[in-house]
There are 2 protein chains.
Amino acid sequence: MDAIIEKLKQKGIVLTIQRLAVLEFLHNSSSHPTAEAIHTKLKKKYPMMSLATVYNTLDMLKQAGEIQELTIGNAKHFDPIPQSHHHLYCRVCKRIIDVEISCPVCKSGRVQGHKVEEVQAVFYGICSDCLQRENGAQ
Amino acid sequence: MDAIIEKLKQKGIVLTIQRLAVLEFLHNSSSHPTAEAIHTKLKKKYPMMSLATVYNTLDMLKQAGEIQELTIGNAKHFDPIPQSHHHLYCRVCKRIIDVEISCPVCKSGRVQGHKVEEVQAVFYGICSDCLQRENGAQ
DNA sequence: TATTATATTAGAATTATTCTTAAACAATCA
DNA sequence: TGATTGTTTAAGAATAATTCTAATATAATA
């Protein structure tokens, strides 16, 4: 976290209370929240915090390469880990789960002559926990 | 196309003029259009055609397993090829290009104990054509 | 401290999609 | 064939996520 703050400062980015709050919240979260979800939580601590600020801050952090954005269903979710990795969206428990598999496109940044700057690989299905629960129930 | 129509009929799906128009348009298209784009084109031939019908038909075709849906940017795009394959979105020419690479998750339908029913792998970057153009220009 | 630039807020606007309801159409049965 | 029933469509309202706008607040600089 401190390293990120240092990097952002060096880029000349003003670190306001709101921005630090979003950054901190995302880094302590493993649930890949939406802007809306982040706003709902932060509003308890900072009642004046606006949803637009959350969107702006997330944009800024994405531009700065400190977080990544995932488009899942109709909404954008945010991941504090900026390195490309895959995700599974479980249609039973609705969780978004990190999937760490080796991916040649992520590594090389190229595929069939095209240049790849960002990878969004989302698997839709049922997570191992829910599979077990379903099998156990039957 | 005829084989698909036969399959849909056997599932008891009524094939109206509107539904056939959407199916046919998508099959003759390689541009991965949105519902909006399909509607705009079809309205020229069928001025009464409603956007809601296009959405309904695309939903129906997806449920029937005859097409696939891609979430790219903020919009849903449709692909007449129902088999899982990857895509590249070129941020220069805005095209969505099919990327055929071997993918163990697509093949097996499993990853790290999770069950995978649908794969959405989108690479964001610059396509080979635009890369060449850029290099040529410099 | 005064000035300037940047960030934030609140709410309006936009965009893509879904929902609703009445009318149109298709399939089934008498 | 004609009546009945169920499904599909059209039009527009409703919704949800996101972006834009303009005024205010805050931070950085001189």
Side-chain angles (χ1 to χ4, degrees), chain A residues 5 8-25 32-64 66-78 89 94 96 120 122, chain B residues 5 8-26 32-64 67-78 89 94 96 120 122:
Chain A
I5 292 170
L8 293 170
K9 273 187 187 164
Q10 271 166 22
K11 288 187 184 175
I13 290 162
V14 180
L15 288 167
T16 61
I17 289 161
Q18 292 91 334
R19 288 176 171 181
L20 285 170
V22 171
L23 182 62
E24 196 194 357
F25 179 83
H32 309 86
T34 60
E36 184 89 50
I38 295 170
H39 180 235
T40 302
K41 281 292 177 74
L42 290 181
K43 238 186 4 192
K44 288 174 187 164
K45 202 171 171 187
Y46 307 98
M48 295 308 286
M49 167 98 71
S50 144
L51 180 55
T53 300
V54 176
Y55 274 106
N56 288 339
T57 303
L58 291 168
D59 259 21
M60 178 275 282
L61 291 171
K62 194 195 165 191
Q63 295 310 317
E66 298 305 333
I67 65 172
Q68 75 172 296
E69 184 187 287
L70 316 168
T71 306
I72 292 182
N74 280 358
K76 286 179 182 161
H77 294 254
F78 294 87
Y89 175 75
K94 316 294 184 196
I96 295 165
Q120 285 221 10
V122 183
Chain B
I5 292 170
L8 292 171
K9 272 187 187 166
Q10 271 166 22
K11 286 187 185 176
I13 289 163
V14 180
L15 287 168
T16 61
I17 289 162
Q18 293 90 335
R19 286 175 173 182
L20 285 170
V22 171
L23 183 60
E24 196 195 358
F25 179 84
L26 200 52
H32 308 87
T34 60
E36 185 88 48
I38 296 170
H39 180 236
T40 302
K41 282 293 177 76
L42 290 182
K43 238 186 2 191
K44 287 174 188 165
K45 201 171 172 189
Y46 307 99
M48 295 307 288
M49 168 97 73
S50 143
L51 179 56
T53 300
V54 176
Y55 274 108
N56 288 339
T57 302
L58 291 169
D59 259 22
M60 180 274 283
L61 291 171
K62 194 196 165 190
Q63 295 311 317
I67 64 170
Q68 74 172 296
E69 184 187 286
L70 316 168
T71 306
I72 292 183
N74 279 357
K76 286 178 183 163
H77 295 254
F78 295 87
Y89 175 76
K94 316 293 183 197
I96 296 164
Q120 286 222 8
V122 183

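Excluded from the calculations below are hydrogen atoms, water molecules and symmetry mates; all remaining heavy atoms, backbone and side chain alike, are included. Per chain, numbering begins at 1; letters A, B, ... match sequence-line order.
Whole-Å rounding puts the A:D59 CG to C:dA7 C1' distance at 14 Å. Residue B:I72 contributes atom CD1, which lies 20 Å from atom P of C:dT15 at whole-angstrom precision. The nearest whole Å value for the distance from the CG atom in B:L20 to the P atom in C:dC25 is 16 Å. A:L8 places its CG atom 15 Å from the C1' atom of C:dA7, with the value rounded to the nearest Å. Between the CG atom of A:N56 and the P atom of D:dT21 there is a distance of 13 Å, given to the nearest Å. Between the P atom of C:dA12 and the CG atom of A:L51 lies a distance of 15 Å, rounded to the nearest Å. Taking atom CG of A:L42 as the reference point, atom C1' of C:dT9 lies 15 Å away to the nearest angstrom. C:dT15 atom P lies 18 Å from atom NZ of B:K76, rounded to whole Å.
Here the side chains of B:L58 and B:I38 are in contact, with some heavy-atom distance below 4.5 Å. Between B:I13 and B:R19 the shortest side-chain heavy-atom distance falls below 4.5 Å. Between A:V54 and A:M49, the closest side-chain pair of non-hydrogen atoms falls below 4.5 Å. In this structure the side chain of B:Q68 reaches within 4.5 angstrom of the side chain of B:L70, judged on heavy atoms.
Closest to the side chain of B:R19, out of D:dT8, D:dA17, C:dA10, is D:dT8. Proximity note for B:A52 (side chain, C-beta onward) versus D:dA17, D:dG12, C:dT17: the nearest is D:dG12. With D:dA10, C:dT17, C:dA10 as the choices, the nucleotide that has an atom nearest any side-chain atom of A:N74 turns out to be C:dT17. The side chain of B:V14 sits closest to D:dT7 out of D:dT7, D:dA17, D:dA10. For B:Q18, the listed nucleotide lying nearest its side chain is D:dA10; candidates were C:dA7, D:dT18, D:dA10. For B:S50, taking side-chain heavy atoms from C-beta onward, the closest of the listed nucleotides D:dA10, C:dT9, D:dT18 is D:dA10. Side chain of A:Y55, nearest nucleotide from C:dT9, D:dA17, C:dA27: D:dA17. Which of D:dT8, C:dT9, C:dT17 sits closest to the side chain of A:M49 comes down to C:dT9. The nucleotide whose nearest atom lies closest to any side-chain atom of B:T53 is, among D:dT18, C:dT6, D:dA10, D:dA10. Comparing D:dA17, C:dT8, D:dT9 against the side chain of B:T16 picks out D:dT9 as the nearest.
A:Q120 places a side-chain N or O within 3.5 Å of a backbone atom of A:T71 that can act as its donor or acceptor partner.
If you find the closest nucleotide of DNA chain C to B:I17 and to B:E36, the one lying nearer the 5' end belongs to B:E36. Nucleotides of DNA chain D nearest to B:P47 and B:I13 differ in position, and the one nearer the 5' end is that of B:I13.
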